[in-house]
Amino acid sequence: MTDLFIYGAGGLGREIASLVKEGAIDGLKWNLAGFIDDAKEPGAEVSGLKVVGGETVLSSITRPAAVVFGFADPHAKERLYLRLSKNPNIEFPTLIHPLARVDASATLADGVVITQFCSVAVDAVLGRCAFMNVGSMVGHDTVIGDFCTLMPHADVVGGITVGPRSLVGLGAKVLQGLSIGADSVVGIGSVVISRVPDGVTVMGNPARVVRK
């Protein structure tokens, strides 16, 4: 079996470890080898798993290994992905909780993680290392860009485009057919009823730009 490392030993990383143990798709092919965390002492134990070391452990690894990102920051995910991808021994598996529903017509790129009670509808597309937290929903024909994060119970309905490296916050809702630009944030509980440009934070009901 291929060793699988979770990058980040915080709350989200521990949740992903639980996801793998509960039988994510292809979970049986992975040996859950521990956490990678640059801020924790190698050898420390977190939720029954050892911290193996920091990024250098992966960049120099010479055997096949799989890496899943256990944190939500889209820009940090992209930076690490680009660096770690230089090592040909590293792959980024797609993990889906057995209690999630993903339509057979959906397209999932490398590194996608879908947690429990999520829904991905017909002909949706999720880009590299997109992350769907508990109970989030992606509607039909929606495109979620590379490295995006959907926080718990975010509802991104049909025909929406979310640009790369964007984050949709806890309980936020996005009206059908709209677009959210790259590098943007939709705040907690916001209701998006108009297009969101690149590089902004929107909040409220209706959502308005509060930061550029």
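Everything numeric here is computed off the predicted structure, so don't read it as measured data.
With sequence neighbours excluded, no residue satisfies side-chain hydrogen bond (donor to acceptor under 3.5 Å, both in side chains) with Asp73. In this structure Glu78 satisfies the side-chain hydrogen bond (donor to acceptor under 3.5 Å, both in side chains) test together with Arg165, sequence neighbours excluded.
You'll find the side chain of Val156 reaches within 4.5 Å of the side chain of Ile144, heavy atoms only.
Within the model, atoms CD1 of Ile188 and NE2 of His153 stand 12.5 Å from one another, a figure rounded to the nearest 0.5 Å. With rounding to the nearest 0.5 Å, the separation of CG in Leu150 from CG in Leu167 is 8.0 Å. Atom OG1 of Thr161 is separated from atom CZ of Arg195 by 11.0 Å, given to the nearest 0.5 angstrom. Between the CG atom of Leu95 and the CG atom of Leu19 there is a distance of 6.0 Å, given to the nearest 0.5 Å.
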Practice problem: Could you give me the CA-CA distance, side-chain angles and deciding distance for Leu178 and Val196, then say whether side-chain contact (heavy atoms from CB on, under 4.5 Å) is met? | Solution: CA-CA 8 Å; Leu178 296 177; Val196 175; over 6 Å; no

Exercise. Evaluate the criterion side-chain contact (heavy atoms from CB on, under 4.5 Å) for residue pair His140 and Gln176; output intermediate values, then yes/no.
Key: CA-CA 10 Å; His140 64 83; Gln176 184 166 340; 3.8 Å; yes

Practice problem: List the steps and the verdict of side-chain contact (heavy atoms from CB on, under 4.5 Å) for Asp155 and Val174. | Solution: CA-CA 6 Å; Asp155 191 354; Val174 185; over 6 Å; no

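When atom types are taken as modelled, the side chain of Asn87 and the backbone of Asn89 share a donor-acceptor pair closer than 3.5 angstrom. Looking at Ser166, its side chain does come within 3.5 Å of a backbone N or O of Ser184 through a donor-acceptor pair. Looking at Thr142, its side chain does come within 3.5 Å of a backbone N or O of Gly159 through a donor-acceptor pair.
In the hydrophobic cluster analysis, where Ile, Leu, Val, Met, Phe, Trp and Tyr join through side-chain heavy atoms closer than 4.5 angstrom, Ile180 is grouped apart from Val185. When hydrophobic clusters are built by joining Ile, Leu, Val, Met, Phe, Trp and Tyr residues whose side-chain heavy atoms come closer than 4.5 Å, directly or via intermediates, Val68 is grouped together with Val20.
In the displayed structure, Leu99 atom CG is contacted under 6.0 Å by more than 12 heavy atoms of other residues, nucleotides or ligands.
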Could you list the donor-acceptor pairs under 3.5 angstrom formed by side chains in residues 106-133, with sequence neighbours left out?
| from | atom 1 | to | atom 2 | distance (Å) |
| --- | --- | --- | --- | --- |
| Thr115 | OG1 | Met132 | O | 2.8 |
| Thr115 | OG1 | Val134 | N | 2.9 |
| Arg128 | NE | Asp146 | OD2 | 3.1 |
| Arg128 | NH2 | Asp146 | OD2 | 2.9 |

When the side chains of residues 198-212 are checked against the rest of the protein, which donor-acceptor pairs come out under 3.5 Å, sequence neighbours left out?
| from | atom 1 | to | atom 2 | distance (Å) |
| --- | --- | --- | --- | --- |
| Asp198 | OD1 | Ala182 | N | 2.9 |

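Listed here is the closest heavy atom pair of Pro93 and Glu91: CD-O, 3.6 Å. Closest of all the heavy-atom pairs between Met151 and Leu170 is CB-N, 3.5 Å. Taking all atoms of both residues into account, the shortest heavy-atom contact from Gly169 to Ala154 is O-CB, 3.7 Å. For Met1 against Trp30, the heavy-atom pair with the smallest separation is SD-O, 3.7 Å.
Cluster partners of Leu84, using a side-chain heavy-atom cutoff of under 4.5 Å among ILVMFWY residues and allowing indirect links, are Phe5, Tyr7, Ile36, Val52, Val57, Leu58, Ile61, Val67, Phe69, Phe71, Leu80, Tyr81, Leu82, Ile90, Phe92, Phe147.
For the pairing with Val46, the side-chain contact (heavy atoms from CB on, under 4.5 Å) check across Ile6, Asp37, Val51 returns one residue only, Val51.
In summary, the side chains of Lys173 and Ser190 do not present any donor paired with an acceptor at a separation below 3.5 Å, with no hydrogens or angles considered.
Evaluation of the side-chain hydrogen bond (donor to acceptor under 3.5 Å, both in side chains) test over residues 46-60, restricted to residues two or more places apart or in two chains, returns Glu55-Arg83.
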